There are 2 protein chains.
Amino acid sequence: MRAHELPEIRRLPLFRDMRHASFETLMQGAYAQTFPAGLELIRQGDPADFLHIVMEGAVELYSLWSDRECTMAVVQPVGSFILAACIRDAPYLMSARTLERSRLVLLPSSDVRAVFRTDPEFAVSVIGELAGCYRAVVRHAKGLKLRTSRERIASYLLRQSRLAGEVASYILPVEKRLLASYLGMTPENLSRALKTLEADGVKIDGTRVIITDRARLTALARPDQLIDGPDPDGSTAGVSLPPANVAGLRRGA
Amino acid sequence: MRAHELPEIRRLPLFRDMRHASFETLMQGAYAQTFPAGLELIRQGDPADFLHIVMEGAVELYSLWSDRECTMAVVQPVGSFILAACIRDAPYLMSARTLERSRLVLLPSSDVRAVFRTDPEFAVSVIGELAGCYRAVVRHAKGLKLRTSRERIASYLLRQSRLAGEVASYILPVEKRLLASYLGMTPENLSRALKTLEADGVKIDGTRVIITDRARLTALARPDQLIDGPDPDGSTAGVSLPPANVAGLRRGA
DNA sequence: CGAACCCTTGACAGAAATCAACTAAGGTGG
DNA sequence: CCACCTTAGTTGATTTCTGTCAAGGGTTCG
């Protein structure tokens with residue numbers, strides 16, 4: 001574990017308010033490691049041995065069923081994931097893999113469970129974090145059930161613009177195939193839909209998004225606080241696609 | 001509040017382990033009320049003033065967006081709902097309405113928040129409950145993204161059979177239109193799909209489900225612990241479609 | 001330089017939403 | 001008690017959307 005990492009973890013909403021002694025205890029069992037890109041970190045169905053924290057890089061949470069696969073979320077620094085499985089001491093519902101070279105901190109689940117039983121402040125933080133995760137997945141499910149593909153794409157593109165500060169142009173933070181899977185469609189479908197969206201106020205040039213008519217795009221997407229967020233919480237715990245990413249320049253140019 | 005209701009609430013996993021004094025405090029601010037069928041209990045977007053507990057009847061959680069609507073879950077006795085919004089003191093992400101005449105207990109959100117800060121045992125229960133809710137929604141989302149309509153229907157029918165004790169025949173616990181919405185399709189689509197499923201080992205006669213070839217139906221549904229549950233938790237907190245329902249005889253005959 | 005891999009495009013088949021009409025069952029009010 | 005009305009459910013015809021299969025261009029990385 002590196003010197004600067006402990007304070008970073010400590011600043012996470014999940015760990016910010018806990019007692020000093022509890023934090024020490026948790027970190028005693030922690031270990032950090034750097035993984036190459038494309039590595040499977042956890043496999044759905046396995047017992048939840050560790051709470052994972054992404055310090056650098058990016059991790060994809062995805063699910064498998066019967067030779068099909070879909071992306072559920074992308075976790076970026078500094079965020080944790082699979083807290084729920086750790087707490088329930090239950091099998092992971094999702095798999096996780098690194099999207100790029102990534103540095104993770106792993107906390108034994110048993111330590112996490114032990115600590116929130118003795119540190120009420122930590123328990124409260126865990127409650128807040130879980131409630132936030134829950135609400136994020138509910139939003140995702142709402143989007144899937146209430147919106148058409150084009151509407152989901154339009155909403156996503158607008159949300160990314162908002163997260164970058166209402167910019168008119170930005171770089172997609174993830175590969176299109178991953179985005180397609182996250183939005184619940186095939187890459188081919190996304191590709192075609194993006195093309196037809198040029199008539200609705202947004203142009204895509206490679207990985208660059210250019211909003212040409214925000215009003216028109218907004219009319220199509222009809223963004224909704226209760227689907228697109230925010231819950232201006234704090235932590236992002238394996239929840240939605242990329243937060244922050246201020247300049248819109250994480251990948252590509 | 002009726003005499004027998006307090007012990008029933010106390011038996012819920014969410015309240016089972018808390019201190020006596022805390023329980024008393026919570027129940028002091030509680031009030032119970034019976035509502036007619038079809039009444040809107042809460043509207044998405046409203047501030048989360050109360051934690052709701054279903055004592056009798058059934059409550060549908062649904063979402064609205066842009067003149068579309070979809071069912072997210074059905075809560076049956078004895079279960080709670082919208083815990084997450086209460087805890088975050090955030091707007092409800094879902095609306096709720098009674099499906100039949102229902103008796104509810106309402107706990108002021110502020111009381112809930114206050115109590116879990118002072119009663120570590122209650123905090124731990126809340127953590128468990130939220131983690132369970134989170135996992136349930138993740139399962140639901142996985143089903144929507146990984147399975148086709150027919151597979152979702154087949155899985156649902158099999159799961160209901162399992163919940164009723166591997167029976168070969170049972171009565172659908174909810175209206176078909178609601179089921180269609182829950183499974184992410186139109187009523188027409190469900191109706192047609194059910195017809196074609198007769199070739200795959202299940203026959204529907206009105207509200208009665210008859211599994212004629214379990215092996216065949218199972219081959220189609222490919223049930224998966226990581227989608228269809230269980231998390232043999234305890235509480236069901238507004239999470240999936242009906243639990244229990246032992247004889248499969250809640251509605252109809 | 002070659003091998004993957006991502007992305008795109010085209011052609012096609014299958015699935016699902018929509019619109020409309022019709023039936024049946026349940027509840028209401030005369 | 002019956003006529004009526006409302007609503008769930010079904011079925012059909014049609015259109016739209018989506019997934020699948022296949023091929024080709026471009027890029028990255030070893």
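Note that the structure is predicted; figures quoted are calculated from it, not measured. Note that these values count all heavy atoms, side chains included, but never hydrogens, waters or copies made by symmetry. Below, chains carry the letters A, B, ... as their sequence lines are ordered, and counting in each starts from 1.
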Original post:
Could you run down nucleotides 25-30 of chain D 5' to 3' and tag each one B, S or - for protein heavy-atom contact under 4.0 Å?
Top reply: ------
Subject >> Sub-4.5 Å side-chain heavy-atom contact between Met1(A) and Val105(A) >> reply: yes
Subject >> Counterpart residues, side chain to side chain donor-acceptor pair (under 3.5 Å), relative to Asp224(A) (two or more places apart) >> reply: none
For residues 43-52 of chain A, tabulate all N or O donor-acceptor pairs below 3.5 Å that involve a side-chain atom, not counting sequence neighbours.
from, atom 1, to, atom 2, distance (Å)
Arg43(A), NE, Glu40(A), OE1, 2.9
Arg43(A), NH2, Glu40(A), OE1, 2.8
Gln44(A), OE1, Leu64(A), N, 2.9
Gln44(A), NE2, Leu64(A), O, 2.8
His52(A), ND1, Phe50(A), O, 3.1

Original post:
What are the bounds, 5' to 3', of the part of DNA chain C that sits under 4.0 Å from heavy atoms of chain A?
Top reply: dC6(C) to dA11(C)
Original post:
How would you list, by chain and number, every residue that makes a side chain to side chain donor-acceptor pair (under 3.5 Å) with Thr34(B), sequence neighbours excluded?
Top reply: Arg103(B)
**OP:** Could you list the residues that satisfy side chain to side chain donor-acceptor pair (under 3.5 Å) with Glu8(B), not counting sequence neighbours?
**Re:** His4(B)
**OP:** Just grab all the salt bridge (charged side-chain N to carboxylate O under 4.0 Å, His left out) pairs involving residues 53-72 of chain A, residues at least two apart or on different chains.
**Re:** Arg2(A)-Glu56(A), Glu60(A)-Arg97(A), Arg68(A)-Glu151(B), Glu69(A)-Arg97(A)
Original post:
In degrees rounded to 10°, what angle is found between the helical axes fit to the five outermost pairs at each end of the helix from dC1(C)-dG30(D) to dG30(C)-dC1(D)?
Top reply: 40°
Subject >> Partners meeting side chain to side chain donor-acceptor pair (under 3.5 Å) with Ser63(A) (sequence neighbours left out) >> reply: none
Original post:
Given atom NZ of Lys195(B) and atom C1' of dT10(D), what is their separation to the nearest angstrom?
Top reply: 7 Å
Subject >> Between dT6(D) (P) and Arg177(B) (CZ): distance, integer Å >> reply: 16 Å
**OP:** Could you list the residues that satisfy side-chain contact (heavy atoms from CB on, under 4.5 Å) with Leu144(B), not counting sequence neighbours?
**Re:** Lys145(A), His140(B), Arg152(B)
Listing time: all N or O pairs from protein to nucleotides 13-23 of chain D that are below 3.5 Å?
from, atom 1, to, atom 2, distance (Å)
dA13(D), N6, Arg192(B), NH2, 3.3
dT18(D), OP1, Ser149(A), OG, 2.9
dG19(D), OP2, Thr186(A), N, 3.4
dG19(D), OP2, Thr186(A), OG1, 3.3
dG19(D), OP2, Asn189(A), ND2, 2.8
dT20(D), O4, Arg192(A), NH2, 3.1
dC21(D), N4, Glu188(A), OE2, 3.4

Subject >> Which residues share a side-chain contact (heavy atoms from CB on, under 4.5 Å) with Thr186(A), sequence neighbours left out >> reply: Glu188(A), Asn189(A)
